[in-house]
Amino acid sequence: MSTQRESWALQDEALEVLDTSSEHGLGVKTLVARQAGDVVHHFTGLITPELRLHSLQVTDTLHIADTKYIGFLSHACDPNCRLDMSRFELQALRDIDAGGLLTIDYAATEDVLYRQFACQCGASSCRRWITGRAEGANAEGRAYLATLDAS
Ligand SMILES: [Zn+2]
């Protein structure tokens, strides 16, 4: 049992927060290959009613902040990972190579985003402007989408 725990702990730590670019902020990459269905990480943090820049929504009224990795995950409209907010797990949806950037769909957990943003993730299902699941595009987003539609 202790051996299993140790190897699990090692794999759980095989993640690295990186600065993907100043525009997109931070990202998280895996240092080892992951398979679809793998639990990539068990997360902990500070449970708070406050929506913060790097917090993630746990329930209708609570968010988790001060996490080691998951608060820095990049968004993708067709992500390679998902968050299970009842088990506090980051799960791989697809096989991911060592060194691969881990992504989640922010709208899968967040009713409202701390900050809406333009997305150019390249997925055919890309929504182009990312909001929480319970909100529409703000004025900046509507203007941005209108510009795209006009071109
Ligand atoms: Zn996208």
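Values reported hereafter were calculated over all heavy atoms of this structure, with side chains retained and with hydrogens, waters and symmetry mates removed.
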Once side chain to side chain contact (heavy atoms under 4.5 Å, CB included) is applied, do any residues pair with [X], and if so which ones, sequence neighbours excluded?
| X | result |
| --- | --- |
| Arg52 | Leu46, Thr48, Glu50, Ser55, Ala65, Asp66 |
| Thr44 | none |
| Arg127 | His75, Cys77, Asp105, Ala107, Ile130 |

Same cluster for [X] and [Y] if Ile/Leu/Val/Met/Phe/Trp/Tyr side chains link at under 4.5 Å?
| X | Y | answer |
| --- | --- | --- |
| Ile104 | Tyr114 | no |
| Ile70 | Leu31 | no |
| Leu51 | Leu73 | no |
| Val112 | Leu83 | no |
| Met85 | Leu62 | yes |

If we ignore hydrogens and angles and just use 3.5 Å, is the side chain of Tyr106 paired with the main-chain N or O of Ala76 as donor and acceptor?
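Side chain of Tyr106 to backbone of Ala76, a donor-acceptor pair under 3.5 Å: no, none is there.
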
Without swapping roles, check the side chain of Arg34 against the backbone of Ala92 for a donor-acceptor pair under 3.5 Å.
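Side chain of Arg34 to backbone of Ala92: no pair is present.
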
**OP:** Inspect the contact between Arg94 and Asp78 and indicate whether a charged nitrogen and a carboxylate oxygen are less than 4.0 angstrom apart.
**Re:**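 Salt bridge between Asp78 and Arg94, a charged N being under 4.0 Å from a carboxylate O: yes.
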
Any salt bridge (charged side-chain N to carboxylate O under 4.0 Å, His left out) pairs touching residues 137-151, not counting sequence neighbours?
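Applying salt bridge (charged side-chain N to carboxylate O under 4.0 Å, His left out) to every pair that reaches into residues 137-151, excluding sequence neighbours, yields Arg128-Asp149.
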
Is it the case that Gln57 and Asp111 place a side-chain donor and acceptor less than 3.5 Å from each other?
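Short answer, yes.
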
Minimum heavy-atom distance between Cys81 and Leu90, given as atom pair plus value: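 Scanning both residues completely, I find the closest heavy atoms to be CB-CD1, 3.7 Å.
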
### Nearest heavy atoms of Thr67 and Phe72, plus distance in Å
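Reported closest heavy-atom pair: O-CE1, 3.7 Å.
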
Listed by chain and number, what are the side-chain hydrogen bond (donor to acceptor under 3.5 Å, both in side chains) partners of [X], not counting sequence neighbours?
| X | value |
| --- | --- |
| Asp97 | none |
| Glu135 | Gln116 |
| Thr103 | Asn80 |
| Glu110 | none |

Would you compute the distance between atom [atom1] of [X] and atom [atom2] of [Y] and round it to the nearest 0.5 angstrom?
| X | Y | atom1 | atom2 | result |
| --- | --- | --- | --- | --- |
| Asp84 | Thr109 | CG | OG1 | 11.5 Å |
| His63 | Leu56 | NE2 | CG | 10.0 Å |
| Leu15 | His41 | CG | NE2 | 6.5 Å |

*Qualifying ring pair (Phe, Tyr, Trp, His ring centres under 6.0 Å) pairs, either residue in residues 81-105, two or more places apart*: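 Residue pairs with at least one partner in residues 81-105: Phe43-Phe88.
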
### Query
Tell me, which pairs form a ring pair (Phe, Tyr, Trp, His ring centres under 6.0 Å) where one or both residues lie in residues 129-151, sequence neighbours left out?
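Output for this query lists Trp129-Tyr144.
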
Query raised in the report: Does Asp95 have any salt bridge (Lys or Arg N to Asp or Glu O under 4.0 Å) partners at least two apart in sequence or in another chain, and if so, which?
Result: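 Expected list: none.
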
Please walk me through it: do Val40 and Leu102 pass side chain to side chain contact (heavy atoms under 4.5 Å, CB included)? CA-CA 10 Å; Val40 174; Leu102 304 181; 3.9 Å; yes

Starting from Leu93, walk the hydrophobic network (Ile, Leu, Val, Met, Phe, Trp, Tyr; side-chain heavy atoms closer than 4.5 Å) and list everyone else you reach, by chain and number.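 Besides Leu93, the hydrophobic cluster comprises nothing; the residue is isolated.
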
message: Within the 4.5 Å heavy-atom criterion, are Val58 and Ile47 side-chain neighbours or not?
response: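 Of all side-chain heavy-atom pairs linking Ile47 with Val58, at least one is under 4.5 Å.
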
